[in-house]
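Counting convention: from 1, in listed order, for ligands and their atoms alike.
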Amino acid sequence: MTCHITDFIDMHCHILPGVDDGPADLAQSTTLAQIYTQAGIAAVVATPHFLPGTSWATPAATVHRLVDELQHHLNQLSIPLRVMAGMEIAFHRKLEQRLRAGDVLPLADSSYYLIEPAFQGDQGECVSLLTALQLDGFHFILAHPERIEGFQQSPHLLGQLAEQGVLLQVNTGSLLGRFGSTCHRIAAELKEQGHLHFLASDAHDAARRGPLTATDWQQILELPGGPELLHRCCQNSARLIFATDDQAPHDPSLFRNQQP
Ligand SMILES: [Fe+2]
């Protein structure tokens, strides 16, 4: 089983300038892009926060425009990073309405939406709505559920969601123990259960919460089951982003039971 960092696609990062708590301007976005390419990473999905009622609710058209502008800028500088459009959509009262209206973006033109559950509180409403919307044909990835209090207290809900086809994205920092012992434990459990479908950096800046580095990659490789995990995550990203419609049936087993 061979998997290299060049196969990795960062499915969750804040690289667009001036829209959330990520880079403040194009120069900072460019610095993040350079860190990615220095590590050998060639593609990312830009996932700015979409948090209605705040200044972090960038319209879909603006996300597309900013992705195009950043891509153009990187191309001009010969920085070989492909940037695709997405959103980290906070779970909110009008989520269903906005999904049905097409006001929020899936990841990289796939049919999967990255949902960030509320950090505090019971997750019953979130689980119920996502389950109902799945039955209507929507597909979801949960952003860093290992960091969410309600799932930390009821981790069986994550197994339940995964079994019904909600995909789970864990932060690399959680898996490497940088978000505390609880996040570390939940991330490790998801890995062992085969319910860790995507690793992502959730990068915000160059210093405090940066992109995945070659050192991070090596540390994950050295974890028990690390090579298999990275292989699966890389395959899953490629499946989600590059598969044509008839190659991407929405069978959750495809994302967890893959052969090298
Ligand atoms: Fe994020």
Side-chain angles (χ1 to χ4, degrees), residues 8-24 28-29 31-33 35-36 41 43-60 62-64 66-67 70 81 83-92 95 98-99 104-108 110 112-121 123 126 130 140-152 158 166-176 178-180 182-184 186-187 190 196-213 216 233 236-237 240-241:
F8 182 78
I9 301 171
D10 200 350
M11 305 290 281
H12 177 176
C13 69
H14 301 262
I15 194 172
L16 296 185
V19 288
D20 59 10
D21 54 347
Q28 291 184 9
S29 298
T31 299
L32 284 185
I35 294 172
Y36 277 112
I41 295 169
V44 303
V45 184
T47 52
H49 289 286
F50 185 85
L51 188 56
T54 74
S55 59
W56 297 354
T58 311
T62 305
V63 172
H64 277 302
L66 291 170
V67 165
L70 177 58
L81 184 72
V83 182
M84 295 167 274
M87 282 180 177
E88 181 182 16
I89 307 163
F91 183 79
H92 64 283
L95 175 62
R98 288 195 166 93
L99 284 166
V104 287
L105 290 177
L107 294 185
S110 73
Y112 282 78
Y113 294 87
L114 181 68
I115 304 296
E116 181 186 46
F119 275 88
Q120 273 90 37
Q123 293 300 321
C126 178
L130 297 189
F140 300 107
I141 301 171
L142 279 192
H144 46 63
E146 80 283 358
R147 298 188 62 207
I148 307 298
E149 183 184 81
F151 290 124
Q152 291 173 344
L158 295 177
V166 173
L167 303 178
L168 306 181
Q169 175 261 304
V170 164
N171 283 5
T172 50
S174 300
L175 192 64
L176 294 173
R178 295 173 190 159
F179 288 101
T182 304
C183 290
H184 193 197
I186 302 283
L190 291 174
L196 198 170
H197 305 101
F198 298 99
L199 276 171
S201 73
D202 195 5
H204 282 68
D205 53 58
R208 192 177 55 91
R209 292 176 63 185
L212 186 83
T213 66
D216 297 334
C233 289
N236 286 345
S237 297
L240 200 83
I241 292 176

Only distances under 3.5 Å count here; give the side-chain donor-acceptor pairs of residues 9-23 to other protein atoms, sequence neighbours excluded, each with its distance to 0.1 Å.
unit_1 : atom_1 : unit_2 : atom_2 : d
D10    : OD1    : S201   : N      : 3.0
D10    : OD2    : Y36    : OH     : 2.6
D10    : OD2    : S201   : OG     : 2.5
H12    : ND1    : Q169   : OE1    : 2.8
H12    : NE2    : H14    : NE2    : 3.4
H12    : NE2    : E88    : OE1    : 3.1
H12    : NE2    : E88    : OE2    : 3.4
H12    : NE2    : D202   : OD1    : 2.8
H14    : ND1    : D20    : OD2    : 2.7
H14    : ND1    : T47    : O      : 3.3
H14    : NE2    : E88    : OE1    : 3.1
H14    : NE2    : D202   : OD1    : 3.0
D20    : OD1    : G22    : N      : 2.8
D20    : OD2    : H49    : N      : 3.0
D21    : OD1    : H49    : NE2    : 3.2
D21    : OD1    : H204   : NE2    : 3.4
D21    : OD2    : H204   : NE2    : 3.4

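- With sequence neighbours excluded, the residues forming a side chain to side chain contact (heavy atoms under 4.5 Å, CB included) with T62 are T58, P59, R65, L66, listed by chain and number.
- Around the Fe ion (ligand 1), the protein atoms of type N, O or S found under 2.8 Å away are H12 NE2, H14 NE2, E88 OE1, D202 OD1, listed by chain and number.
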Worked verdict on T213 versus D216 for side chain to side chain contact (heavy atoms under 4.5 Å, CB included):
CA-CA 5 Å; T213 66; D216 297 334; 3.2 Å; yes
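- With sequence neighbours excluded, no residue forms a side-chain hydrogen bond (donor to acceptor under 3.5 Å, both in side chains) with T172.
- Separating the CG atom in L168 from the CG atom in L142 is a distance of 5.5 Å, to the nearest 0.5 Å.
- When the options F179, F119, F151 are evaluated for a ring pair (Phe, Tyr, Trp, His ring centres under 6.0 Å) with H144, the one that passes is F119.
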